[in-house]
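Down below is the structure, laid out as structure tokens.
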Amino acid sequence: MRGWRWLQLPALLCGALVMACDRVAPEPTSRAIAAQPWDSVLAQARGSTVTWRMWRGDPSINAFIDQWVAPRLLERFGITLEVVPGQGPGMVNLLVTEREAGARGSSDLLWINGATFASLRREDLLLGPWADRLPNARYIDTASVIIARDFEQDPGGYESPWGQVEYALIYDSARVPDPPRSVAELGAWIDAHPGRFTHDQSFSGMTFLKILMYALGGGVERFQGGFDSTAYAAGRDSVLGWVTRHRAGFWRLGATYPAGVAELHRLFANGEIDFSMSNNENEVISKVRQGILPATARPLLLRDGMLANAHYLGIPVNARNPAGAMVVADFLLSPEAQLEKLRPEVWADGSVLDVSRLPEPWRGRFAAQARDPHALSPDSLRRYARPEVDPEYHERLTDDWRRTIRANTPR
Amino acid sequence: MTVALRLDSMAVNFGSVAGLTDVTLAVARGERVVLLAPSGAGKTTLLRAIAGLEPVVNGSVVVGGRDVTNDPPESRGAVYLHQTPMLFPHLDVAANVAFPMRLRGIDRDDISRRVSELLASVQVSELAGRRPGALSGGQRHRVALARAIAANPQMLLLDEPLASLDPGLRQDVRQVLTRTHLDGTGMLIATHDLDDAVLLADRVAVLLGGRIAQVAPAEELFRAPATVAIAAFLGIPNRITGRVEDGAFCSSMGRLPVGGAVPHGPVVAVFAVDAVTVATGDEQAGVFGEVVELHRHLRHPSIIVQCGSVTLEALAPRPVPSRGATVGLVIDPSVIHFVPGTDDA
Amino acid sequence: MIRRGAGLAAFLVATPVLIGIAYSALASVGLLGPGSTGFSTASWASAFDDPQLLRGLGWSLWVASAATALATMAAVVVAALFRPGTRSSGVARLLAVMPLPLSHLAAGVLGVLVLGQSGLLARGAFMAGWIDQPAAMPALIYDQWGIGLIVVLAWKEFPFLALIAFSLLADRGRALEEAARTLGARGRAVFWAVTWPVLWRGLMPAVVAVFAFVAGTYEATVLLAPSDPLALPLLTMERYTDVGVAKRGEAHVLVLIGLVVGIGAVALHEAARARDRRAT
Amino acid sequence: MTSVPAMLRRGLLPLLLLSAAMPLAILGLASIGSDWFFPALLPGTFSLASWRNVVGTGALLGPALLASAALALATGLAAMVFGAFAGSAIAAATGWRRVIGAGAAFLPVAAPPVALATGLHATLLGAGLGSSIVGVFVAHVVPACGYTTLYFLGIFTVREGGHEDAARTLGAGRFDVLRRVTIPMMHRELLEALLLGAIVSWGQVALTLVAGGGSVRTLPLEVIDYLVAGQDQLAATGSLLLVIPPLAAFGLMRLALRNVELVLP
């Protein structure tokens with residue numbers, strides 16, 4: 001899920017106005033529901049309606065939710081699923097506004113992660129802890145640092161994971177049969193093929209720079225455990241130095257950068273550049289199916305390590321139907337839903353389950369899951385996955401890149 | 001005879017500056033009063049103020065015996081007719097005439113009967129179904145008049161109804177105005193045209209310097225203008241400054257014996273062109289001068305004669321004398337009007 | 001009654017905007033909004049300290065001037081050539097005004113699809129054998145001079161100005177042109193002596209409104225403009241959506257600068273018109 | 001012998017045709033085509049998939065279209081009424097009152113959307129209208145009223161109230177004048193103002209987001225979401241839906257007014 005500046009503007013605007021507001025204690029009744037026995041939760045959920053607020057920008061995800069999840073929820077649990085659009089900062093803003101106005105909640109379930117989770121927790125807008133009580137929670141791959149930690153934060157039972165993604169470059173196997181596989185090789189490739197590489201200015205592009213920073217700055221371990229300005233200064237200097245060294249080989253000589261990842265995809269698909277990138281290694285699968293990227297497009301991981309993160313489901317404190325929301329979250333964690341979601345023709349979203357913990361026949365089914373030719377192997381994904389760290393690194397790097405590289409001002 | 005309109009010391013501003021300062025005037029029912037004033041004197045402003053379209057700063061407006069100074073335009077009983085008729089382009093002729101009656105919620109049959117009557121009275125019955133855009137200028141005036149009468153007003157306020165019309169059309173509209181007989185309604189017709197005033201008016205009110213300078217029937221106005229300024233506005237050419245002493249008018253032309261009730265002291269003698277004729281013999285002539293200019297009016301040719309420091313306009317004799325000729329002039333003392341004071345107009 | 005009406009109308013229209021301006025003014029000096037820490041001119045200092053601001057402001061003014069000038073010229077030429085009474089004037093008017101309801105967003109997308117180095121123009125050039133790859137196509141979008149953005153904005157604003165130009169010529173222009181012709185003016189002289197002055201005076205308020213709008217427009221700009229210099233609306237939005245609340249004050253400084261550009265254009269025009277009125 | 005203007009006219013007509021037809025053609029192609037990469041002049045694959053998102057289960061574009069249409073209509077009506085009154089009031093004022101009135105009308109038009117959004121959001125929150133469709137309506141009405149007020153200010157400045165005055169002295173009250181004279185005489189201007197206000201609302205992005213808190217979904221918001229997600233086919237379909245209704249309204253209005261003009265001289 002990408003936050004985007006168009007959407008962020010109003011959200012932050014709203015946030016701006018409510019920052020100074022007093023915090024109202026959440027209602028204790030909703031909290032109590034989270035502590036009830038599962039049977040009682042199921043009973044309360046039956047016949048109810050769950051309003052799920054989520055990003056609606058991808059037709060394959062929408063189809064999965066509307067045509068696969070919703071009918072099963074109705075059939076098995078008597079739950080009517082209602083999906084409303086909303087994401088990231090906009091949801092934070094909405095909940096704050098609702099609390100301020102004393103209005104009843106307009107959502108029961110939220111698709112969140114990272115910064116959104118942090119803001120919601122800071123504002124005490126999430127119900128919990130409840131996630132660990134879901135029956136299907138026992139299958140979660142708790143050994144994975146990607147799932148157990150959300151940008152270095154402990155979910156603490158206030159959000160339940162339901163998918164994971166890993167950052168990947170995208171290349172065209174027809175145009176670049178032998179792509180660079182490390183940061184060093186990428187640098188050499190850029191020098192050898194001037195004008196064929198760039199990254200965008202938005203969140204994805206800055207995440208790419210962050211990946212470079214970890215790779216050139218001695219690994220992500222150097223940056224873990226909260227923001228450290230010394231580690232940052234060193235990391236920044238190495239990544240901006242790398243960019244400066246290879247800049248002459250960038251698209252348009254590195255004088256301008258595409259606004260967002262959609263623009264980057266467009267340049268890539270039309271052969272203006274040879275690489276695109278994505279927060280989700282499987283985006284290439286759905287975009288190829290949708291005819292947005294060429295069929296020869298492939299994801300690419302750099303050996304130095306790529307960033308990965310999980311996405312979660314949260315329940316707002318003012319939810320009208322927390323019981324129903326918990327049932328939906330549990331269903332989405334079920335092996336059946338996770339497997340369906342993983343299928344390339346459905347969504348190709350990474351599973352958060354530890355397959356070795358699953359009972360048969362699920363273990364076999366996951367193993368037999370035919371992999372899309374565009375998809376990467378779970379092994380390599382796992383090998384190169386690096387966890388997200390303190391968001392301040394992202395902010396500072398973005399700021400410094402804008403002031404120096406983008407503004408074409410020598411440092 | 002009751003009064004249709006009475007204005008008492010009425011003051012109206014032109015925009016934000018003082019305009020009309022002290023207007024007092026009365027119009028009787030069935031009377032046609034022409035408001036005669038030079039362009040820019042405030043005729044339109046005065047009519048619009050009476051109708052309630054401009055705010056009255058001071059004084060009062062009484063229509064049909066009722067003080068309407070603070071009433072909105074629609075309840076004053078005074079209809080204002082624009083110089084160019086403001087017929088509603090989205091309504092046909094009959095609907096335009098029916099407009100004021102519709103507002104009063106009159107029965108449909110009654111309305112259509114009355115509309116036919118009114119259209120017949122202004123001789124445009126055959127145009128009932130036409131849109132205003134398809135009418136000639138004269139027809140528009142007729143329809144506008146019919147529509148105004150349909151409002152059954154105490155007063156009709158007509159703003160320069162004949163200005164900007166060609167001569168044929170002027171005749172046409174004049175006829176409609178003079179023939180339209182309205183017993184209960186007074187008419188105030190603004191114009192700057194002397195001929196119109198004479199033709200249309202029962203009485204003429206002269207608006208000069210922000211006030212009504214004189215109200216009189218047309219002949220009296222032209223014979224005895226109250227001030228030199230009025231005389232000048234009326235275009236009376238001969239205005240001689242002098243004194244009346246011992247039954248004679250003394251000026252640079254010499255002494256002219258006058259009779260009757262004549263003011264004493266400094267006066268201005270005002271007299272029309274036809275008061276001065278060319279003497280047939282020298283013994284008759286009161287004053288001699290040189291012909292400096294010939295005015296070839298169609299009906300009354302005149303000559304301009306320089307008599308010392310005084311210039312006189314006189315009826316031209318036949319044959320017309322040539323320029324530079326010396327002529328003797330006779331002034332008929334009985335038609336001289338003496339205005340007390342000096343000519344500062 | 002009428003005077004009170006004008007005051008009330010002005011109040012109702014202006015209040016939300018004035019509140020916004022007041023909010024921005026207070027937030028820019030740290031008295032309101034997130035991260036506000038009491039009165040401080042730090043945001044102003046750091047906003048003006050950033051060389052991106054003046055470059056971005058200058059670039060936005062250039063793009064707005066060029067696009068407005070181009071759209072105005074096109075509108076005048078089309079309206080003058082197809083004035084009422086000429087052949088195919090009806091068709092031309094209809095075609096000129098057709099793109100009017102198109103959103104700026106769609107206009108930006110079309111700009112990318114047509115003018116990009118791999119856009120339809122480039123594909124046509126490829127088919128014709130003029131270029132062999134996208135990079136050989138001149139850069140019309142994300143370019144230093146904003147050529148593509150100027151073309152798109154001019155095309156988007158042209159129908160609005162053309163609509164006004166057409167009605168100006170239909171209302172007053174025709175009689176005046178006839179008058180000029182009877183006075184002996186011919187062809188080009190009629191245009192310069194009558195058509196152009198009539199259009200110029202009548203179009204001016206709309207031209208100013210277009211300029212103010214274009215200088216602050218975001219949708220097409222974000223799709224077509226380069227990242228350096230960063231156009232003022234883009235810089236403002238970037239500051240606004242920055243994750244760190246510390247930039248919010250700077251964002252409000254930029255909002256106020258954008259406001260000065262918009263209101264300034266209107267004020268300049270009004271002043272010029274007032275002087276013009278006094279002079280004649 | 002052809003004159004220079006005639007030659008220019010002949011050259012310009014195809015350009016105008018291109019400018020009018022190109023948006024619809026390209027958006028139309030993009031909405032049904034994918035695999036459209038350089039140097040192909042036409043898409044490689046055609047499908048109506050994106051149009052299923054207009055109507056059908058889980059469709060987003062259809063409901064957004066309805067929301068946009070309702071908002072545009074309501075905004076257009078409100079802005080038309082307000083603009084007519086405000087415009088005539090300001091046109092009738094003199095001196096500094098007129099200057100201030102005209103300046104006020106210019107404010108929402110010339111102010112950048114962010115400034116407008118900040119003020120509106122503060123006001124809406126104060127009125128308890130945050131994140132509601134009513135709040136979005138109010139947010140759209142403000143700039144729309146700016147445009148319609150300026151529009152009517154221009155009209156009433158040159159228009160003399162002769163017909164209204166005539167009606168008043170013929171016995172019509174203020175309301176009668178409005179109902180029987182001003183509205184029937186100005187139906188063209190009123191319709192144009194309605195369209196103007198509706199178009200301002202129709203294209204609104206920033207204000208919808210601010211006032212609606214993201215939960216009031218209009219067509220431009222969907223288009224932006226798709227654009228950001230790289231879903232060019234859906235974005236094109238949405239853009240096409242954004243173009244067609246105003247174009248149709250425009251055409252219908254011209255047609256309706258042409259009929260009126262046949263009756264009127």
Side-chain angles (χ1 to χ4, degrees), chain A residues 2 4-11 13-14 16-18 53 55-59 62-63 65-67 70 83-91 93-98 100-103 106-107 202 260-266 269-272 276 278 283 287 289-295, chain D residues 33-40 43-47 49-50 52-53 56-60 63-64 113-114 117-118 120-122 124-132 135 139 205-217 220-222 224-235:
Chain A
R2 276 179 308 276
W4 211 68
R5 17 184 166 176
W6 264 320
L7 304 163
Q8 285 168 358
L9 151 75
L13 254 173
C14 302
L17 286 154
V18 299
R53 198 169 284 278
W55 181 59
R56 292 289 265 171
D58 187 330
N62 293 344
I65 303 293
D66 299 332
Q67 283 150 40
V83 187
V84 290
Q87 63 167 321
M91 289 197 296
N93 153 53
L94 179 67
L95 287 170
V96 173
T97 316
E98 281 174 3
E100 238 181 78
S106 61
S107 23
S202 75
V261 76
E263 283 83 355
L264 199 64
H265 285 340
R266 220 174 269 130
N270 287 304
E272 292 192 47
S276 187
S278 168
E283 183 177 350
K287 287 284 196 301
R289 279 175 188 278
Q290 289 158 357
I292 293 165
L293 294 182
Chain D
S34 49
D35 287 318
W36 196 6
F37 309 125
F38 182 89
T45 318
F46 289 94
S47 86
S50 67
R52 279 196 283 279
N53 203 11
T57 40
L60 294 175
V114 184
T118 329
L120 276 171
H121 191 243
L124 287 174
L125 272 189
L129 286 175
S131 300
S132 69
V205 174
L207 293 177
T208 314
L209 276 167
V210 173
S215 57
V216 177
R217 303 298 298 179
L221 298 200
E222 296 298 342
I224 283 176
D225 267 8
Y226 287 133
L227 219 50
V228 169
Q231 297 288 346
D232 290 356
Q233 197 177 341
L234 282 160

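Side-chain atoms are counted along with the backbone in the values below, which use heavy atoms only and exclude waters and symmetry mates. Below, read A as the first sequence line, B as the second, and so on, with proteins coming before strands; counting in each chain starts at 1. In this text the structure is predicted, and so the values were computed from the model without any measurement.
Nearest heavy-atom pair across A:Trp55 and D:Ala229 is CZ2-CB, 3.8 Å.
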(message) Could you go through A:Gln290 and D:Gln233, starting from their C-alpha distance and side-chain angles, then the distance that decides it, and tell me whether this counts as side chain to side chain contact (heavy atoms under 4.5 Å, CB included)?
(response) CA-CA 9 Å; A:Gln290 289 158 357; D:Gln233 197 177 341; over 6 Å; no
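Chain A forms the most heavy-atom pairs under 4.5 Å with one residue out of D:Tyr226, D:Phe37, D:Phe38, and that residue is D:Phe37.
Looking at heavy atoms from C-beta onward, D:Asp232 lies out of side-chain contact with A:Ile292 at the 4.5 angstrom threshold.
Separating the CG atom in A:Leu293 from the CG atom in D:Asp35 is a distance of 10.0 Å, to the nearest 0.5 Å. With rounding to the nearest 0.5 angstrom, the NZ atom of A:Lys287 is 5.0 Å from the CD atom of D:Gln231.
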